[in-house]
Protein chains: 2
Amino acid sequence: MESFIQYLKSFTPLYADQIDALTALLTLEKLQPNEYLLEVGMYCNKIAFIQQGVFRIYFYNNEGEEITRYFLAENQFVVDLNAFNNQVVSSEYIQSVTDSEVVILSRTAFDQMSTIIPEWDKVIKAITEKALMEKLFNRSNMVGQSAKSKYLDFLTTHPKLANRIPLGHLASYLGIKQQSLSRIRKEIVLP
Amino acid sequence: MESFIQYLKSFTPLYADQIDALTALLTLEKLQPNEYLLEVGMYCNKIAFIQQGVFRIYFYNNEGEEITRYFLAENQFVVDLNAFNNQVVSSEYIQSVTDSEVVILSRTAFDQMSTIIPEWDKVIKAITEKALMEKLFNRSNMVGQSAKSKYLDFLTTHPKLANRIPLGHLASYLGIKQQSLSRIRKEIVLP
DNA sequence: CAATCCATTTCACATTTGTTAAAAACGACT
DNA sequence: AGTCGTTTTTAACAAATGTGAAATGGATTG
């Protein structure tokens with residue numbers, strides 16, 4: 001719970017009794033590699049905050065290929081926002097890539113957050129918009145880029161992530177074949 | 001002003017006095033093709049709602065190429081959200097592609113909206129999140145797609161837009177060269 | 001009408017990426 | 001160490017896209 005509290009403190013001060021209330025309200029969950037936080041067709045009634053680990057969000061396209069939409073790691077929320085907000089079934093998988101530990105905010109807990117933290121609505125709005133805008137920015141910058149620049153961009157944008165995820169997943173996120181990514185890595189190391 | 005009012009009514013009912021207050025608060029602006037609503041380096045102190053016309057948001061990448069980030073048309077808000085929210089200078093151009101007409105919400109008008117429309121904060125949050133998620137979804141679906149599928153997707157996602165914008169802008173949005181787009185269009189029409 | 005400007009198309013060739021298949025490397029487990 | 005299963009690399013060839021330059025087309029203007 002500690003790193004979630006720290007994260008919240010970067011947005012708004014928290015007193016001891018608020019922290020106690022949060023600790024009572026929220027739960028911890030540990031996942032092993034390849035376990036799912038959410039699967040296609042399920043309703044999404046919780047938001048998770050990643051204290052430890054890496055997650056990937058993916059789905060299957062028309063050709064049956066796994067497409068990784070993005071990765072999320074420590075100090076980020078993970079949720080199917082559309083499924084959670086509109087109470088429709090999820091259209092994507094949320095899978096733990098590594099051993100991981102998350103703080104779970106059930107829907108009822110989420111709705112109670114503003115009673116504990118008065119500025120909760122503002123905080124969550126800022127976090128949501130910032131996260132969406134960053135993802136949109138990253139994605140839109142990738143369109144039309146060469147495989148090599150997409151890979152290099154990923155390395156600079158997520159320097160600690162590349163060696164925590166299988167290459168196949170990364171290739172799928174970059175929109176290239178794993179063989180191409182392998183070829184590119186070879187080119188980059190040597191010269 | 002009429003179509004903006006109609007748009008708002010799809011979110012929340014509006015009485016005549018509210019509509020009068022809105023009409024007094026907001027202003028209309030007309031732009032010719034290639035005129036700018038916002039330029040790189042400017043502060044963004046207004047939000048525009050497109051009643052008529054098409055806009056494109058673009059910037060220059062490291063190689064000096066124009067990259068079109070997206071298009072916006074009737075019944076959509078257009079703004080550099082980061083520049084507006086965080087009061088930093090804009091990093092992109094917002095340009096009218098066609099003759100166009102927008103409703104301007106100055107920052108002060110925007111801040112007064114919740115006094116006229118009690119649910120304004122909720123409405124604007126829903127609109128913002130939905131718009132960001134749609135753009136993110138579109139963009140992330142484009143990564144790794146072939147030029148042809150990106151073009152066909154665009155035609156189905158924005159059926160009325162393709163013939164309102166120059167091909168060069170569309171190619172830049174799709175992340176391909178104009179010559180490639182031309183080649184693809186030729187392939188598609190014939191068989 | 002000719003002249004001009006700009007958007008679009010076309011073409012030949014270069015480069016990048018996908019495809020298919022196989023080999024190599026790695027890890028977990030016995 | 002040996003085996004199984006998975007991930008990663010390699011290679012040869014095919015297909016898609018970029019590049020650079022030129023031709024075409026349409027609209028506008030003198």
Side-chain angles (χ1 to χ4, degrees), chain A residues 32-36 54 56 58 60-68 71 93 95-99 139-155 161-191, chain B residues 32-35 54 56 58 60-68 71 95-99 141-155 161-191:
Chain A
Q32 297 185 335
N34 302 322
E35 275 195 274
Y36 291 96
V54 178
R56 71 173 181 132
Y58 74 92
Y60 291 93
N61 70 3
N62 298 332
E63 285 81 40
E65 299 165 316
E66 265 183 22
I67 308 291
T68 298
F71 297 101
Y93 295 89
Q95 186 187 42
S96 178
V97 175
T98 63
D99 280 301
R139 270 321 204 178
S140 106
N141 279 350
M142 289 172 68
V143 176
Q145 289 284 94
S146 74
K148 189 188 288 189
S149 7
K150 285 189 282 189
Y151 177 60
L152 290 175
D153 271 13
F154 184 86
L155 290 184
L161 221 48
N163 41 13
R164 300 175 75 186
I165 50 187
L167 274 200
H169 294 168
L170 178 51
S172 134
Y173 172 72
L174 298 176
I176 61 181
K177 296 295 163 214
Q178 177 167 339
Q179 294 91 318
S180 301
L181 180 52
S182 202
R183 173 163 45 197
I184 286 161
R185 280 156 55 95
K186 189 180 167 189
E187 283 176 34
I188 292 172
V189 173
L190 295 178
Chain B
Q32 295 184 336
N34 303 322
E35 275 194 274
V54 179
R56 71 171 180 132
Y58 75 91
Y60 291 93
N61 71 4
N62 299 332
E63 285 81 39
E65 299 164 316
E66 263 183 24
I67 307 291
T68 298
F71 298 101
Q95 186 187 43
S96 179
V97 176
T98 64
D99 280 300
N141 279 349
M142 290 172 69
V143 177
Q145 289 284 96
S146 74
K148 190 189 286 187
S149 3
K150 285 189 283 189
Y151 177 60
L152 291 175
D153 269 16
F154 184 86
L155 290 185
L161 222 47
N163 41 13
R164 300 176 75 186
I165 51 188
L167 275 201
H169 295 168
L170 179 51
S172 134
Y173 172 73
L174 298 176
I176 61 181
K177 297 294 162 215
Q178 178 166 339
Q179 294 93 314
S180 300
L181 180 53
S182 202
R183 174 163 45 195
I184 286 161
R185 279 156 55 96
K186 189 180 168 192
E187 283 175 33
I188 291 172
V189 174
L190 294 178

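When reading the values below, keep in mind they use all heavy atoms of this one structure, side chains included, and skip hydrogens, waters and symmetry mates.
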Closest to the B:Lys186 side chain, choosing from C:dT9, C:dT10, D:dA11: C:dT10
So if I take every side-chain heavy atom of A:Ala147 and compare against D:dT19, D:dT9, C:dT17, which nucleotide ends up nearest? C:dT17
If I take atom CG in residue B:Leu181 and atom P in nucleotide C:dA7, what distance separates them, rounded to the nearest angstrom? 15 Å
Can you check the A:Lys177 NZ to D:dA16 P distance for me, whole Å? 14 Å
Quick check: do B:Tyr58 and B:His169 have side-chain heavy atoms less than 4.5 Å from each other? no
Rounded interatomic separation in angstrom, taking CD1 from A:Ile184 and P from D:dT9: 12 Å
Nearest to the side chain of A:Ser180 - C:dT9, D:dG18, C:dG18? C:dG18
Does the Lys NZ or Arg CZ of A:Arg56 fall within the cation-pi geometry relative to A:Tyr93 - under 6.0 Å from the ring centre and within 45° of the axis? no
Nearest-Å distance for atom pair NZ/C1', residues A:Lys148 and C:dT17: 13 Å
Interatomic distance where CD belongs to A:Gln179 and C1' belongs to D:dT7 [whole Å]: 12 Å
May I ask you to decide if B:Ser172's main-chain N or O and B:Thr68's side chain share a donor-acceptor pair within less than 3.5 Å? no
When all nucleic acid strands are considered with a 4.0 Å heavy-atom cut-off, which category describes B:Ile176: base, sugar-phosphate, or nothing? sugar-phosphate
Can you tell me which nucleotide in D:dT7, C:dA7, D:dT19 comes closest to the side chain of A:Gln178? D:dT7
For B:His169 and C:dC6, give me the distance from atom NE2 to atom P, rounded to whole Å. 13 Å
B:Glu65: what forms a salt bridge (Lys or Arg N to Asp or Glu O under 4.0 Å) with it, not counting sequence neighbours? B:Lys177
Please pick, from C:dT10, D:dA12, D:dT8, the nucleotide with the shortest atom-to-atom distance to any side-chain atom of A:Pro166. D:dT8
Proximal nucleotide (of D:dT8, D:dA21, D:dT17) relative to the B:Arg183 side chain: D:dT17
Which whole-number value in Å describes the distance from A:Ile165 CD1 to D:dT6 P? 20 Å
Which nucleotide, D:dT10, D:dT8, D:dT19, lies nearest any side-chain atom of A:Leu167? D:dT8
